Amino acid sequence: MEGIRERQQRILKLDKIRQMGVNPYPYGFSRSHAIGELTEKHSELIEKEEEVLLAGRIMAMRGHGHTSFGDIKDNTGRIQFYIKDEKVTESDFKLFKLLDIGDFIGIKGVLFKTRTEELTVRVKEIELLSKSLLPLPEKYHGLQNKELRYRRRYLDLIVNDDVMDIFIKRSQIIDSMREYLKERRFLEVDTPILQSLYGGASARPFTTHHNSLGIDLYLRIADELYLKRLVVGGMERVFEFSRDFRNEGMDRSHNPEFTMMECYAAYWDYNDMMKFLQDMIASICNGLYGGYKITYGEYEIDLKPPWEKKTFFGALEEKTGIDLKNADKKELEKAALEKGLALEKGLSRGSLLDLLFSELVEPELIQPIFITDHPIEISPLAKKHREVDGLVERFEPYIAGFEIANAFSELNDPLDQRRRFEEQVREKEKSAGEFHPVDEDYIMALEHGLPPTGGLGVGIDRLVMLLTNSHSIRDVILFPQMRPEEGRD
RNA sequence: GGGCCGCUAGCUCAUCAGGUAGAGCACCUGCCUUUUAAGCAGGUGGUGACAGGUUCAAGUCCUGUGCGGCCUACCA
């Protein structure tokens with residue numbers, strides 16, 4: 001066990017504190033101010049010698065015999081306190097001597113400035129609010145070890161302010177997106193996480209079991225099909241912040257559980273959705289930073305609308321010099337080989353196009369851009385393009401090389417939807433040998449009539465990465481998936 | 001899945017050719033009435049991730065396992 005000796009020391013102190021008749025774990029404390037407020041109001045408070053009541057965690061202590069300095073920290077800031085034996089009761093000073101870095105305390109005192117002009121609280125009374133038994137990480141270097149930072153995120157948050165800042169921003173981003181949607185009359189809904197049939201994306205699900213029903217259930221990989229059922233039901237604009245689960249590999253941009261915001265609007269098409277998304281992202285960014293320019297790694301990115309637009313095949317043509325819109329498998333394979341891409345055998349036309357695009361085009365999409373009008377093979381839930389055969393009305397915005405969303409004019413022709421599902425099933429069974437039944441219940445819903453609808457899914461974790469200059473999804477998820485420490489078996 | 005790297009005190013890190021482990025912070029004792037990575041003097045603390053091998057001798061070399069990181073591949 002870590003810190004065992006220090007822990008024993010602290011337990012001894014705990015006993016002494018109890019012997020003084022002090023409860024080391026009391027029930028609350030009334031603060032007059034958050035620490036952060038003091039910086040703004042300090043001149044007035046100093047002048048009036050007004051007493052303040054502050055609470056926080058002790059982050060540092062510097063003892064000097066009859067006096068001591070220390071720092072306490074709350075959610076809003078950090079402030080130095082100064083305690084002098086003659087100025088507090090004997091028992092308060094005795095209690096103070098039994099405190100450690102990491103303990104929560106409440107103090108009553110007045111503000112002053114030290115000779116180095118540092119704002120400081122002169123302690124009049126001190127109260128222990130919670131005794132800590134284990135030591136905090138080193139005060140100067142903080143907690144560096146990434147494994148420990150992820151496994152004991154609470155320590156990471158205590159010690160690394162920039163980490164706290166990222167998660168505050170994450171919350172602000174979600175708040176402002178939610179607000180943006182609600183202002184535009186979108187209704188927030190909850191749909192099932194446990195689904196008896198998964199759909200809305202192509203990914204392997206996590207499987208679980210319901211005992212009393214005696215059936216296997218899946219954790220959702222997307223909530224798309226449920227939200228569109230609600231549009232059928234007359235909820236014209238709906239959205240959900242959805243925790244989705246995909247049983248796939250993990251890396252810098254994939255965690256097995258992640259957050260999507262999906263929204264659907266009746267009578268919108270993908271052009272409406274494009275404008276909506278770009279304005280929403282820009283507005284979130286502006287709310288966060290008061291502007292549209294952000295830094296991501298080596299890139300300066302400008303999110304100011306309007307964003308560039310390129311069709312899927314147009315972007316490919318720029319890279320290959322060939323219009324691949326009507327290319328068959330052979331021609332696509334040839335183009336891929338010419339560009340030096342390694343090909344597995346038996347790739348479908350859709351997979352080939354996908355491969356060409358992600359290898360040749362994606363990495364260069366740094367400034368915000370909409371890639372539109374994808375091939376129909378890789379978009380089973382999108383409506384056929386109104387002008388061009390073989391394409392669908394779909395867009396994916398890319399920023400800093402990330403695909404941050406996916407949207408379409410939703411396919412609402414039930415007979416077409418059935419054909420597309422059946423095509424998918426054939427593909428899947430051919431390539432992966434997986435059984436993947438058609439969602440008959442969803443088709444039935446479509447047969448009752450889905451109005452023309454625009455749909456959008458935004459990858460929240462990736463958006464947060466982008467807006468906080470984070471380079472791993474683990475840095476924007478509080479408790480990323482880890483293997484258990486004890487190993488398996 | 002593949003490659004490379006890491007795992008030494010609670011934390012951050014050393015330990016040049018294999019010779020029985022060291023610093024700073026934290027902690028303990030003492031001194032210190034404006035310090036701020038406080039200072040000074042002294043001290044506690046390690047089955048060196050785990051298991052095996054080579055060797056008179058292994059933190060150090062070798063093999064395996066575990067966990068993690070980075071890169072790469074896969075994944076709409």
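Source: prediction; values computed, not measured. Residue numbers start from 1 in every chain, and the chains themselves are labelled A, B, ... in the order their sequence lines are given, proteins ahead of strands.
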Heavy atoms only, 4.0 Å cut-off, all strands: where does [X] land among base, sugar-phosphate and nothing?
{"X": "A:Q144", "result": "sugar-phosphate"}
{"X": "A:E396", "result": "nothing"}
{"X": "A:G142", "result": "sugar-phosphate"}
{"X": "A:H254", "result": "base"}
{"X": "A:L148", "result": "sugar-phosphate"}
{"X": "A:K13", "result": "sugar-phosphate"}
{"X": "A:E138", "result": "base"}
{"X": "A:F112", "result": "base"}

Considering only NZ, NE, NH1 and NH2 on the basic side and carboxylate oxygens on the acidic side, decide whether [X] and [Y] come within less than 4.0 Å.
{"X": "A:E90", "Y": "A:K94", "answer": "no"}
{"X": "A:E423", "Y": "A:R426", "answer": "yes"}
{"X": "A:K383", "Y": "A:D413", "answer": "no"}
{"X": "A:E50", "Y": "A:K41", "answer": "no"}
{"X": "A:R153", "Y": "A:D156", "answer": "yes"}
{"X": "A:D92", "Y": "A:K108", "answer": "no"}

Worksheet item: Are any of A:S202's side-chain N or O atoms less than 4.0 Å away from OP1 or OP2 of B:A76?
Response: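 For B:A76, OP1/OP2 do have a side-chain N/O of A:S202 under 4.0 Å.
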Fill in: Contact under 4.0 Å: A:R115 side-chain N or O vs B:U35 OP1/OP2
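Yes, such a contact exists.
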Starting at atom [atom1] of [X], determine the distance to atom [atom2] of [N], rounded to an integer number of angstrom.
{"X": "A:E362", "N": "B:C75", "atom1": "CD", "atom2": "P", "answer": "12 Å"}
{"X": "A:L134", "N": "B:G45", "atom1": "CG", "atom2": "C1'", "answer": "15 Å"}
{"X": "A:F96", "N": "B:U33", "atom1": "CZ", "atom2": "C1'", "answer": "13 Å"}
{"X": "A:D244", "N": "B:A76", "atom1": "CG", "atom2": "C1'", "answer": "14 Å"}
{"X": "A:N255", "N": "B:C75", "atom1": "CG", "atom2": "C1'", "answer": "14 Å"}
{"X": "A:I83", "N": "B:U33", "atom1": "CD1", "atom2": "C1'", "answer": "13 Å"}
{"X": "A:D103", "N": "B:C27", "atom1": "CG", "atom2": "C1'", "answer": "13 Å"}

Worksheet item: Does the B:U34 base have a donor-acceptor partner in the side chain of A:E118 within less than 3.5 Å?
Response: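 By the distance-only test, no, there is no pair.
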Discussion item. Looking at A:T67 and B:U34, is any side-chain donor or acceptor paired with a base atom of the opposite kind under 3.5 Å?
Written reply: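 No, the side chain and the base share no sub-3.5 Å donor-acceptor pair.
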Discussion item. Both A:H141 and A:P380 contact RNA chain B. Taking the nearest nucleotide for each, which residue is further toward the 5' end?
Written reply: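 Counting from the 5' end, the first nearest nucleotide belongs to A:H141.
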Worksheet entry | Toward the 5' end of RNA chain B, by each residue's nearest nucleotide, A:L143 or A:H66 |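 On the 5' side of the pair lies A:L143.
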Worksheet item: Does NZ or CZ of A:R170 come closer than 6.0 Å to the centre of the six-membered ring of A:F167, within 45° of the ring's axis?
Response: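 Not flagged: A:R170 not positioned over aromatic ring of A:F167.
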Discussion item. Would you say that more than 12 heavy atoms from the other residues, nucleotides or ligands in this model lie under 6.0 Å from the CG of A:D389, or not?
Written reply: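 Result for CG/A:D389: open.
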Discussion item. Which nucleotide wins on minimum distance to the side chain of A:R62, given the candidates B:U34, B:U35, B:A76?
Written reply: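 It is B:U35.
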Discussion item. Taking the minimum atom-to-atom distance to the side chain of A:Y140, which one of B:U35, B:A37, B:C75 wins?
Written reply: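 Output: B:A37.
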Fill in: Euclidean distance for C1', B:U65 against B:G6 (whole angstrom)
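The answer is 16 Å between these two C1' atoms.
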Practice prompt. Just need the stems in RNA chain B: three or more back-to-back Watson-Crick or G-U pairs, each with both distances under 3.5 angstrom, sorted by first number.
Written response: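 For RNA chain B the paired stretches long enough to count as stems (3 pairs minimum) are B:1-7 with B:66-72, B:10-13 with B:22-25, B:27-31 with B:39-43, B:49-53 with B:61-65.
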Worksheet entry | Non-hydrogen side-chain atoms of A:K84 and A:F93 separated by less than 4.5 Å |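 In short, these two side chains do not touch, never coming nearer than 4.5 Å.
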Close N/O contacts between protein and nucleotides 68-73 of chain B (under 3.5 Å):
unit_1 : atom_1 : unit_2 : atom_2 : d
B:G68  : OP1    : A:R483 : N      : 2.8
B:G68  : O4'    : A:E147 : OE1    : 3.0
B:G69  : OP1    : A:R474 : NH1    : 2.4
B:C71  : OP2    : A:R252 : NH1    : 3.3

